[in-house]
Every structure is written in C-alpha cells, then in structure tokens.
Amino acid sequence: MRFKLRPETKDNTMTLAIAGVIVVVFFFTIQNIPGLLAFIKQLFRILMPFVVGFSLAFLITPLMLRIENQWLRKLKLSFSSKRKISAFLTMVISLGLFSLFIYIIIPQVLDSLNQISTQLPLYIEAAEIYLNDLFLGLNIRDEITEILVSTGEELLSTITNLLREYLPMLLSASWQVVNTIFKVLVGLIITVYILLDRERFGNQFKKLTYAFLHEKDADNLLYLSRVTSKTFNSFIVGKAIDSFIIGVLSFIGMTIFGWPFAVLISVIIGVTNMIPVFGPFIGAVPGFIILFIVNPMVSFWFLLFVLFLQQLDGNIIGPIILGDSVGLPSLWIMFSILVGGGFFGVVGMFLGVPVFAVIYLIVKNIAQFKLDQKGIKIDEK
C-alpha cells in the first residue's frame with residue numbers, strides 16, 4: 001500500500017526544511033564574517049571604477065539633459081547626435097571646473113599645511129604666552145590659573161602631536177595618487193558610456209524588473225527608483241552648490257578681515273557644510289584650532305563669523321537653493337543625521353538625510369493608502 005502524506009504534513013515538513021536551511025546559512029555566515037567582509041572589501045576595491053563612473057554619471061546627468069533639451073533643442077540634429085554633443089559638452093564643463101579647482105585651490109591648501117607643519121612650534125609658543133597673559137590680566141586665583149594653564153598645555157600638546165603625526169602623512173601620501181588617478185580615468189570612461197546609453201540601461205533594468213516580479217511589484221519598484229533618484233539628485237546637487245557658495249563667502253570674508261589660511265579653512269568649511277545642520281559647526285572646529293594656534297584673538301572672531309555664515313545659510317541661501325528637496329520635517333532631519341552618523345560616520349551623516357527622506361515618503365504613502373482603504377480622513381497639520 002502506497003504511503004501518502006497529508007497536505008498539512010507536507011507543509012510542515014517543507015517549513016521545517018526551509019527553516020533548517022536558513023539556520024545553517026545564518027550560522028555559516030556568522031562563522032565566516034571576517035572572510036565575507038574581506039571579500040566585500042576586495043570586491044568593492046575592484047569595482048571602484050564602476051562606483052566612480054555611476055556616481056559621476058548620476059551627478060552630471062541633469063547638466064547633460066539641460067544642455068540636450070535647452071541648448072540644443074532648436075538644432076536640427078538627430079537624437080543620437082544631440083546626445084553625443086551634450087555628453088561631450090557635459091564632460092568638458094565638469095572636467096574644466098574640476099581642473100580649475102585643482103589648479104587654484106589644491107596648491108594653496110598644500111602650502112598652508114606645509115606652513116603650519118614647519119612653523120608649528122612657534123605658533124604653540126605664542127599661544128601659550130597669550131594664555132598666560134590672559135589669565136594674569138583677568139586676576140584669576142593662582143590655583144585656578146595653574147589648572148587652566150596645565151589643561152591648556154595638555155590640549156595644545158595633544159593638538160601638536162596630532163598635527164605632527166597627520167600633516168606629514170597628508171603631505172607624503174602621493175604614492176596613492178597614481179592608483180587613484182587610474183581608477184578615476186577608468187571611471188570617466190564608464191561615465192561616458194552611461195551618459196550615451198542611459199535610456200538603454202534604464203530599459204534593461206525595466207525589462208528585468210517586469211520579467212522577475214509581478215506587474216504591481218514592478219510598478220512599485222520603478223516608482224521607488226524614480227523617487228530615490230530624484231531625491232538624491234536634488235539633495236546632493238543642491239547641497240554641493242550651497243556648500244560651494246558658503247566656502248566662497250568664507251574665503252571672501254576671511255580675506256577682507258586679513259585672517260591667515262583663508263583658502264585652507266574655507267575649503268574645510270565648504271566640505272563640511274555638505275553635512276546638514278551640524279556641518280558648519282564641525283568645520284568650525286579645525287578652523288578655530290588652526291587660528292587659535294596662530295592668533296588666539298582672531299579665532300574667537302572666527303567663531304562669530306561662522307555663526308553668521310550658518311544663520312545666512314540656514315535662513316536665506318539654503319532655502320533658496322534646496323527648497324523642500326527632501327520633504328522632511330526638521331525633527332526627522334536631526335534623527336536621520338544622528339542615526340546615519342552613529343552607524344556610518346561622516347558619510348552616514350550626509351547620506352542619512354536623503355535615505356531617510358525616501359523611507360519617510362514610502363511610509364507616508366503606505367499609511368495614506370491604508371487610511372483610504374478604511375475610509376479614514378486625517379487632516380495634515
């Protein structure tokens with residue numbers, strides 16, 4: 001007599017088998033985490049040119065589309081010809097601006113770093129004399145003065161050791177330049193291919209999506225990809241323009257006041273300004289330390305200047321350029337920065353905002369869909 005399993009027995013057996021496989025795979029993964037991390041790191045290093053290529057193409061595609069749809073719109077050329085011309089002009093403009101930045105800014109930054117490194121003992125000695133004179137002028141009690149002086153000397157000693165350790169590393173890191181330049185060049189070639197055939201790559205992704213997913217799931221995935229692309233592009237490009245303006249204003253202001261190392265400190269402020277909310281304050285710390293070592297009085301005026309820039313950016317420049325590009329309330333912006341920074345450091349602080357903006361939009365749409373199904377209407381405040 002042939003033995004037959006009942007349907008519920010088959011289901012239970014299949015469930016237990018799948019659960020067993022999952023447990024084995026999970027255990028194997030836990031046991032081999034170092035090897036997996038090393039493999040991922042090596043794979044990422046190998047694919048770095050593709051990462052560079054896709055990142056550059058993502059950033060400069062809006063410029064190419066603007067050239068193609070506005071500058072070349074009235075020319076009687078085929079689509080292929082317009083695409084090649086717009087891609088070529090986009091690469092020329094992007095590389096031209098980047099080369100101009102390298103030619104003007106980098107030599108001055110390296111010169112400032114070299115000057116700080118060579119004259120650091122003199123700066124430290126002058127800062128110590130200033131602190132001693134300041135404490136004497138304030139008529140602070142001797143025991144408090146000794147505590148403050150010793151604390152200041154320890155802080156300056158720590159800063160000195162850090163600068164002496166890391167500045168030579170920055171100045172002598174040229175051995176990595178060749179490898180980086182090679183990856184960037186390959187990435188530029190990949191960028192050109194992506195710009196020329198962006199519709200084809202998009203169509204291939206669409207075909208694979210509808211081939212392996214249900215139609216509704218494919219529609220949702222494509223919608224999610226469009227929202228993610230728009231959010232990231234608007235935020236990154238807008239924040240880059242905003243940070244460039246803040247860096248230029250910082251340089252102009254420091255030059256007018258005659259403060260030293262204007263280029264170096266303005267570059268630091270511009271780069272750290274890419275981090276929402278906390279960026280200006282993070283950039284103010286190294287600027288304050290550098291100026292305090294050189295001229296303590298100037299460093300305190302510098303803090304007031306950075307506070308003015310932060311208010312100008314937060315209330316005027318930022319809203320004009322960025323607008324409501326991420327669509328996040330201020331509370332959730334703070335939340336995304338803290339969580340992203342906690343898990344992924346500085347990169348997480350920057351990318352946490354657009355990532356959470358996409359998650360926020362998805363959750364908001366799902367919640368609204370569920371409310372509509374239940375016939376519940378809640379006014380947004």
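We find that Asp242 and Lys239 are joined by a salt bridge, their nearest charged nitrogen and carboxylate oxygen being less than 4.0 Å apart. Between Glu68 and Arg73 there is no salt bridge, since no side-chain nitrogen of the basic residue lies less than 4.0 Å from a carboxylate oxygen of the acidic one.
For the ring-ring contact (aromatic ring centres under 6.0 Å, His included) criterion with Trp259, the lone passing option out of Trp301, Phe251, Phe305 is Phe305.
Judged by distance alone, the side chain of Ser229 and the main-chain N or O of Ser225 form no donor-acceptor pair under 3.5 Å. Judged by distance alone, the side chain of Gln311 and the main-chain N or O of Leu307 form no donor-acceptor pair under 3.5 Å.
Between atom CG of residue Leu195 and atom CE of residue Met91 there is a gap of 7.0 Å, rounded to the nearest 0.5 Å. Between the CE atom in Met274 and the CD1 atom in Ile282 there is a gap of 13.0 Å [rounded to 0.5 Å]. Atom-to-atom distance recorded for Arg83:CZ and Ser78:OG is 11.5 Å, nearest 0.5 angstrom. Taken to the nearest 0.5 Å, the CG atom of Leu75 stands 6.5 Å off from the NZ atom of Lys82. Here the CD1-CG distance, from Ile93 to Leu63, works out to 5.0 Å after rounding to the nearest 0.5 Å. We find the OG-CE distance between Ser299 and Met297 to be 8.5 Å, quoted to the nearest 0.5 Å.
No side-chain donor from either of Asn203 and Glu199 sits under 3.5 Å from a side-chain acceptor of the other. A donor and an acceptor atom, one from each side chain of Thr231 and Thr228, are nowhere located under 3.5 Å apart.
Nearest heavy atoms, Ile60 versus Ser94: CG2-OG, 3.5 Å. The heavy-atom pair separating Phe300 from Pro296 by the smallest distance is CD1-O, 3.1 Å. The two residues Ser266 and Ser250 come nearest to each other via the heavy atoms OG-OG, 3.2 Å.
Applying the 4.5 Å side-chain rule to ILVMFWY residues, one finds Tyr210, Leu213, Leu221, Leu222 in the same cluster as Phe205. Cluster note: Phe79 groups with no other residue, as no ILVMFWY side-chain heavy atom lies under 4.5 Å from it.
In this structure the side chain of Ile189 never reaches within 4.5 angstrom of the side chain of Leu185, judged on heavy atoms. Using a 4.5 Å cut-off on side-chain heavy atoms (C-beta onward), Arg198 and Thr61 make contact. Annotation: side chain of Phe244 is in contact with side chain of Val248 (closest heavy-atom distance under 4.5 Å).
Ring orientation note: the planes of Tyr360 and Trp332 are tilted relative to one another, at an angle of 30° to 60°.
The environment of CZ in Arg66 is sparse: at most 12 heavy-atom neighbours from other residues, nucleotides or ligands sit within 6.0 Å. Residue Phe88 qualifies as open at atom CZ: its count of foreign heavy atoms under 6.0 Å is 12 or below.
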Mind running side chain to side chain contact (heavy atoms under 4.5 Å, CB included) on Phe302 and Phe292 for me, showing each step along the way? CA-CA 10 Å; Phe302 170 75; Phe292 184 84; over 6 Å; no

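At a threshold of 4.5 Å between side-chain heavy atoms, the hydrophobic network of Ile, Leu, Val, Met, Phe, Trp and Tyr places Leu89 and Phe98 in two separate groups.
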